[in-house]
Amino acid sequence: MGTQPVRHVLAGLALLVSANLAMAAAPVSAPSPSPERAAVIRHLVRQDCGSCHGLTLKGGLGSPLTAEALASRSDEALLATILNGRPGTAMPPWRPFLTEEEAKWVIQWLRNGAPE
Amino acid sequence: MGDSMAEKRRSRVVHSIRRSCLRGWAAGSALLLGASLLLAGCASPSLRGTGDLGVVIERASGSVQLVDNTRSERLATVKGLGDLSHASVVFSRDARYAYVFGRDGGLSKVDILAGRLVKRVMQAGNSIGGAISSDGRVVAAQNYEPGGVKLFDADTLELLAEVSTHDATSGHSSKVVGLADLPGQRFAFSLFEAGEIWVIDVADPRHPVTTRYPNVGRQPYDGLASQDGRYYLAGLFGEDGLALLDTWHPEAGVRRVLDGYGRGTEKLPVYKMPHLRGWALSGGQAFLPAIGHNEVLVADTRDWQLRAKVPVHGQPVFVMAEPSGRRVWVNFAFPHNDTVQVIDVPTLTVVKTLKPGRGILHMEFTPRGDEVWLSSRDDDKLVIVDTATLAVRRELPAASPSGIFFSWRASRIGM
């Protein structure tokens with residue numbers, strides 16, 4: 001957990017130098033949560049999002065949340081889905097439990113393959 | 001880690017075997033000869049039954065604990081069962097083998113007497129559970145990906161047949177939920193996307209015969225067979241109500257019950273799908289989770305009319321009547337999953353609110369209900385509660401435990 005900020009700095013540097021323009025263009029100005037809060041959020045996503053999307057995030061009653069599965073979805077659409085849910089489906093709104101900044105962080109974390 | 005863990009595990013198994021040896025055997029000197037001799041020497045005298053054994057899913061590590069619910073202890077851990085992030089278990093009818101259905105589509109047959117994995121097949125991409133036929137010869141697995149149901153020989157796990165839920169019009173295969181055995185070599189299940197209930201007759205398990213009941217309601221999320229196998233009830237996520245099939249009168253088709261139970265009140269978000277099984281029906285009443293309301297619905301099973309709504313702490317996940325039927329235990333979806341409530345049946349009121357641990361995912365009664373075992377995922381423990389006093393009797397360590405399945409299920413319809 002202590003290496004988390006370092007990993008983010010490295011990831012940020014990688015973004016700057018990589019040719020992955022799609023990721024660099026993502027509207028992510030979200031500051032990283034504290035290491036403690038990040039651990040809580042990772043647990044929330046794995047365990048509680050995982051109730052439907054699978055502990056390994058490969059899907060269940062809900063769709064998979066792997067990096068590949070999310071590749072075709074925009075950050076904006078994912079952010080709206082996480083915070084507001086999707087009416088008419090089983091996806092509930094997570095706004096009571098995540099700030100907008102944290103939801104943006106979750107999207108990037110999922111796009112990075114949800115590392116521990 | 002591997003060595004010390006293995007050593008610990010071995011000593012635990014030997015410990016429990018040694019104890020049964022001592023019970024059956026006077027010759028203590030043989031103990032000095034070492035574990036392997038012990039195992040060999042023990043083979044005949046250490047007879048025991050399986051009626052008080054059980055399986056606890058350790059969801060994060062792909063392992064199951066084998067437990068003894070008379071002595072409240074762990075006997076062994078069986079590893080290598082794949083992704084058990086969601087898992088369920090049915091038992092062979094001699095209550096010796098547990099069939100474990102894992103999230104990754106793995107179907108594992110575990111010998112709970114010997115404490116070992118007997119056989120394992122990968123049968124789907126994403127699976128949710130299964131059932132065993134009334135004659136104990138056919139194990140059925142219900143799948144999300146690619147959808148449908150697969151039938152296996154209970155002895156060999158040889159694939160016998162596949163029932164596809166592929167719909168030519170939509171091009172999709174419905175996810176299968178709520179698979180339950182019915183008397184007479186039949187299974188019932190529901191199709192999440194298609195909104196149908198299907199009953200398959202597996203008298204000839206290589207050639208199952210399907211009866212379809214379309215248009216039962218939107219998004220059935222789980223289903224149950226009553227303990228006499230007469231009724232199949234599917235809960236609906238997309239509508240306020242349940243779909244009921246009376247298998248004594250199949251010609252009457254599926255009808256809607258408890259229709260519009262939440263009418264006039266706003267639906268709350270649901271952060272975990274409730275689960276249904278035959279424990280919902282007891283003493284002529286049905287106790288069911290409302291969807292999107294912090295309530296337990298109580299219906300009369302003679303006319304299936306709503307009798308009461310019991311206000312509870314959160315969105316119910318499991319609503320389970322004690323074997324005696326005297327009380328009903330309820331656990332809850334996130335963010336209320338640190339709480340368990342007990343409903344008194346004669347008065348239909350909550351008489352106790354427990355905070356037994358964080359992430360209470362499942363509850364299981366001992367065969368006659370003197371205890372209930374709770375799994376606390378986030379505190380890595382099992383909590384054993386005395387149902388007479390509602391006091392905690394004991395806690396046992398377990399790694400991220402979820403489902404607890406005791407072997408009494410082997411002899412129950414719909415389990």
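Sequence lines set the chain letters: A, B, ... in the order given, protein chains first and strands last, and positions in each chain run from 1.
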**Study point:** Flag if over 12 foreign heavy atoms under 6.0 Å of CZ, A:Arg37
**Key:** yes

**Study point:** Value rounded to 0.5 Å, distance of CZ in B:Arg358 from CD in A:Gln47
**Key:** 11.0 Å

**Study point:** Contact winner vs chain B - A:Ser51, A:Gly60, A:Gly54, A:Gly85, heavy-atom pairs under 4.5 Å
**Key:** A:Gly60

Review point. What pair of heavy atoms forms the shortest contact from A:Thr89 to B:Gln219, and how long is it?
Key: CA-NE2, 4.3 Å

Practice item. Against chain A, label B:Asp104 side chain, backbone, both or neither, depending on which of its atoms sit under 4.5 Å from a heavy atom there. Key: neither

Point to revise | pair A:Phe97-B:Pro335: side-chain heavy atoms closer than 4.5 Å | key: yes

**Study point:** Smallest separation among heavy atoms of A:Ala90 and B:Phe237, with atom names
**Key:** CA-CE2, 3.4 Å

Practice item. Measure the spacing between CE of B:Met273 and SG of A:Cys52 and express it to the nearest 0.5 Å. Key: 5.5 Å

Exercise for review: Would you check if the side chain of B:Asp83 reaches a backbone N or O of A:Thr56 as a donor-acceptor pair within less than 3.5 Å?
Suggested key: no

Review point. Looking at A:Leu61 and B:Tyr144, what are the two nearest heavy atoms and their distance?
Key: N-CE1, 3.2 Å

Review point. What residue in B:Val177, B:Asp378, B:Asn337, B:Ile128 has the most heavy-atom pairs under 4.5 Å with chain A?
Key: B:Asp378

**Study point:** Donor-acceptor contact below 3.5 Å, side chain B:Tyr271 vs main chain A:Cys49
**Key:** no

Point to revise | Proximity breakdown for B:Arg59 and chain A, heavy-atom pairs closer than 4.5 Å | key: both

Practice item. Check whether more than 12 heavy atoms from other residues, nucleotides or ligands sit under 6.0 Å from atom NZ of B:Lys381, and answer yes or no. Key: yes

Point to revise | Inter-residue atom distance B:Ser402.OG - A:Leu55.CG, 0.5 Å rounding | key: 9.5 Å

